[in-house]
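For reference, the structure discussed in these notes is given below.
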Amino acid sequence: LTNICSPLLRGIATMLMLLAIALPARAQDQPAIAITDFTLGNGLRVILLPSKRAPLISHSVWYRVGATDEFAGKTGLAHFLEHLMFKGTKKFPRTKFDSLMKANGAYSNAFTTNDYTVYLQRIASDQLALVMELEADRMKNLVLTEADVLPERDVVRQERLQRIENDPTGPFWEKVSAAIYGSHPYGRPTIGLMADVEKLTMDDALNFYRLYYQPQNAVVVIAGDVDVAVAKGLAEKFYGQIANDASSRPRAELPPLDVKPVDKRLELSDSRVQSPYVVATYLVPSVIDPATEEATALSFFAEIFASGIDSKLGQDVILNQKLAADAGYIFNNDTRGPGSMSIYVVPNPGRSLKEVETAFRAALARQLQDGVTQQDLDRTRKRAYGNLVYDYDSADGIMRKAGQRAMLDGAVAKAFDTRDWERVTVDTVNAAARKYLAADRGTLAFLARNAADLDGAAKQ
Amino acid sequence: MTRMFIACLLLILASAQCLAFEVESFTTPKGIHVWHVADNTIPLVSMDFAFASGTLTDAQGKEGTTYLLSQLLDEGAGSMSGEAFRELRDDNAVRLRFNAAADYFTGSLQTPTANSAVAFNLLRIALTDPQIAPDALERVRQQAIVSAQGRSNSPYEVAIFAAGIIAMPGHPYLRFSQGDETSLQAITRDDVLAVRDRIITRKDVKVTVVGDIARADVEAAVDRIFGSLPETGEPVGVESPATISTPATKVLAWDMPQTFLLFGSNAVPDNSPDYRNEQVLLQIVGGENGRLTQELREKRGLTYGVSLGRYAFRKAFFSLGAMGVENARAGEALSVLRDVLRKVAENGVTQDEVDQAKLYLKGSFAFNFETSGATSGTLLTYMTYGLPPDHHKKRNVEVDAARLEDINSVAKRLLDPQKLIVVAIGKPVGIEAK
């Protein structure tokens, strides 16, 4: 499995969840998250987030390697290796791994992003030793044969066909990413280009594995019904014994962007499009950007301006002008490098993409000019606090939040810290929005059922 | 009793998971049936409820009426406009959703404990006094048309409808539950109000409440929310369709590189003594890393994912599976699929597979109760199936009772490739319509 590009997300609940993920959490009024954080002698970091919700744990291993660590001609390698990590070891061949997971009713999966690769299990809390032993073993002892690798490469080809080629939104979002990021690694598809995927080899995978799958490059995150003392002992026993290979190396820094955020337009029409829409995408600071308050400020702006029917944009294009069926935003700034933010509008039947674009641009220009108000900000902040309680209902969600931050800059506590929320003011929200969402910084993309619907929409 | 106790003990030893929570089942003073689980680990209350009929109540040519109702209940109620309603909902971090399924109209409410009075009041006025304002109806209608147009381009939606036409021709379950463009255009405000009067009633409503709330508060809240609804309302009667007895293959030519293959056949009724046998069987054949995955994905790299599971209505029961395969290998994939099913039907599965599937089904059961919302939703399903309030404690014992010979006899009946319906969308090579 892999995180490729966001599907069109809908519904305020989803938006609020996005906000909760994009923003950290406040300790007072909320059940506290106690974070136990330690590093073993070999450099492997362990983060424990105990909560007594159910007799289950979410155990995960996060590697500091992703699609951005690939090189020319080998796109898709990080994701391909993720698939191959399920092929087994000498001690736990594939069938043994599977039967141990099944025998415990466990959920086991993995995913690859631009910035990291994750393996996770949800299992009864008394089986922590088992999942640790399995993950520690495959961190070092993966065994691959051509008989495993070739069918799996076909599986990945089928995955790409299913997710990208067979669904017009796939190529559409690949074009958007390429336009935003240019030749920066974020401009390439996480799953890889088909021409590259078809040629990946077992040696490619094993070399990549030896470089990056090392204890000093991994973080283990466990949330749920976990006993801190027991987990510490088990981590030392299973993960603490693994030595780093001399050949391993830390990942390279991301290159700087070589494109300027300028006004771009692109379009795609395909008769199989399910829902036509216009989407404007902007480069924005990552949540780990030193100017982190800008990222937080933009999160509040997006929520005020573009979170469904009752946001400023929704009120305008859905309720008043009756032009659109839906409007929302997608943040993709929980990233090591530059983030992005997209605002989309779905036209009503019979309304053109061009009409919707004009209305969107006017609404955004007006919002930037008028600015958000203190009342807007107070209300949005209050809602964000109110919704935090839902995060604490799920150990899996807590695990993901901590692991993601560990991968980005290691500052795990910040993932649960809402002090930034308090520092944000009307002025910082408006300044950040004016800086990053200016009309000459957006890439406008038009997804249509047929070329006639575009009617020159993507031409200026 | 003793046997049950030992089984339970063995189960606990085997899976190391004991779902210790208690469900309290009671009827409120106003006659509403409730299941309640008190749990104050998290300051959250989760409520799920089901009215006894759903989109089957839509009139012919007005399909989508119940769906529009489900989208209109947060569009203004009592003296509150839609905006005011949603503002209060969102300011209080209340999550409220309605869903129109074929047999049931359901809803789900989640609220921080501190805001539960506001949340319950919002739900009460949404159910008892929705405005169904004409401008909101028009807006929701347009949104529903956008969705309907999207579904007509969705391989899954189109395939499942095509399979339905073959499996249960003319049956009410085939009607588009969210409507199509024509039916949505035909719906009037009076139609929506009439559906509301038929569905949103006190008769046979079922409610589950989980979380940080005491029984007395549950009783008071449930009676305030549901107690003043009209008593009337009859579930729409629907007959079970005939079981599938002849195979069929339908090909829909779409210009895309990968073929979407949907396949299905009969399944046993919900109340069948073979229900658990079938569950174990489908886990072995179509579950994670099951036989289909082994043969189609692991050995041959034919697909990214394949599964086979149960797809059931109140009165119609199917098994349903799907996979994506590149066009050139679609015929090969279909013949491997048929071969897997034929072998299981003819030769059965093994005791080892049965043991492993049971362990998985038992061990993973706890995930249904991982969060408050998951718990109230799962319990509502049990309630609508007419299961007892301690079902969560007995379910794994039932799974353990499934026997190899019974499972194999179910396999013979249900996995017969001669009863398989296949719909292929794409440009499949090697698949011919039959």
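Every chain is numbered from 1 and lettered A, B, ... according to where its sequence line falls, protein lines coming before strand lines. What's counted below: heavy atoms across the whole structure, side chains too, no hydrogens, waters or symmetry copies.
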For A:E165, which atoms come within 4.5 Å of any heavy atom of chain B: side chain, backbone, both, or neither?
both
Check whether any side-chain N or O of A:N166 sits under 3.5 Å from a backbone N or O of B:Q258 as a donor-acceptor pair, and report yes or no.
yes
Heavy-atom distance under 4.5 Å to chain B: side chain of A:R157, backbone, both or neither?
side chain
Please classify the contact between B:L361 and chain A as side chain, backbone, both or neither, with a heavy-atom cut-off of under 4.5 Å.
neither
B:A93 backbone acceptor or donor facing A:Y390 side chain under 3.5 Å:
yes
Here the gap from A:N104 atom CG to B:L359 atom CG, rounded to the nearest 0.5 Å, amounts to 8.0 Å
For a side chain to side chain contact (heavy atoms under 4.5 Å, CB included) check, start with the C-alpha distance between A:I318 and B:Q143, then their side-chain angles and the critical distance, and finish with the verdict.
CA-CA 10 Å; A:I318 304 175; B:Q143 289 166 341; 4.2 Å; yes
State whether the side chain of B:N153 and the backbone N or O of A:V273 hold a donor-acceptor pair below 3.5 Å, judged by distance alone.
yes
To the nearest 0.5 Å, what is the distance between CH2 (B:W254) and OG (A:S271)?
9.0 Å
For A:L150, is it the side chain, the backbone, both or neither that has a heavy atom under 4.5 Å from a heavy atom of chain B?
neither
Exactly one of B:R297, B:R329, B:E326 clears side chain to side chain donor-acceptor pair (under 3.5 Å) with A:Q158, and that residue is B:E326
Taking atom CD of B:E288 and atom OG of A:S108, what is their separation to the nearest 0.5 Å?
6.5 Å
Can you tell which part of B:E138 gets under 4.5 Å to a heavy atom of chain A, answering side chain, backbone, both or neither?
neither
Does a side-chain heavy-atom distance below 4.5 Å link A:P349 with B:Q185?
no
Please look at B:R139 and chain A and tell me whether the side chain, the backbone, both or neither of the residue comes under 4.5 angstrom of a heavy atom of that chain.
side chain
Stepwise side chain to side chain contact (heavy atoms under 4.5 Å, CB included) test for B:E370 and A:S394:
CA-CA 7 Å; B:E370 201 174 2; A:S394 156; 6.0 Å; no
Just how far is it from atom CD1 of B:I42 to atom CG of A:D393, taken to the nearest 0.5 Å?
5.5 Å
Honestly, the part of A:R449 sitting under 4.5 Å from a heavy atom of chain B is side chain
A:R163 and B:Y304 side chains, donor-acceptor separation under 3.5 Å:
yes
Side chain, backbone, both or neither: which part of B:V140 has a heavy atom under 4.5 Å from chain A?
neither
Highest number of heavy-atom pairs under 4.5 Å with chain A among B:G305, B:G426, B:G301 belongs to B:G301
Should the pair A:K382-B:D91 be classified as a salt bridge under the 4.0 Å nitrogen-to-oxygen rule?
no
Interface moiety of B:K299 toward chain A, non-hydrogen atoms closer than 4.5 Å
backbone
When rounded to the nearest 0.5 angstrom, what distance separates CZ in A:R351 from CD in B:Q142?
9.5 Å
Note: A:A325 and B:V146 closest approach over all heavy atoms is CB-CG2, 3.9 Å
For A:T95, is it the side chain, the backbone, both, or neither that has a heavy atom closer than 4.5 Å to a heavy atom of chain B?
neither
A:R94 and B:E298 ion-paired at < 4.0 Å
yes
Picking from B:S154, B:G324, B:G373, which has the most non-hydrogen pairs under 4.5 angstrom with chain A?
B:S154
Taking the side chain as everything from C-beta on, heavy atoms only, tell me whether B:M256 gets closer than 4.5 Å to A:L161.
no
By a 4.5 Å heavy-atom criterion (distance strictly below it), what part of B:E75 contacts chain A: side chain, backbone, both, or neither?
side chain
Between A:R272 and B:D255, is there a salt bridge with N-O shorter than 4.0 Å?
no
Part of A:S51 within contact of chain B (heavy atom distance under 4.5 Å)
neither
Is any side-chain heavy atom of A:E159 closer than 4.5 Å to a side-chain heavy atom of B:T303?
no
Let me know if A:P168 has heavy atoms under 4.5 Å from chain B in its side chain, its backbone, both or neither.
neither
For A:R383 and B:E87, what are the C-alpha separation, side-chain angles and deciding distance, and is it a side chain to side chain contact (heavy atoms under 4.5 Å, CB included)?
CA-CA 10 Å; A:R383 289 180 179 183; B:E87 190 174 298; 3.9 Å; yes
For the OG atom of B:S364 and the CD1 atom of A:I123, what is their distance to the nearest 0.5 Å?
11.0 Å
A:V156, A:L319, A:D148: which one forms the most heavy-atom pairs within less than 4.5 Å of chain B?
A:L319
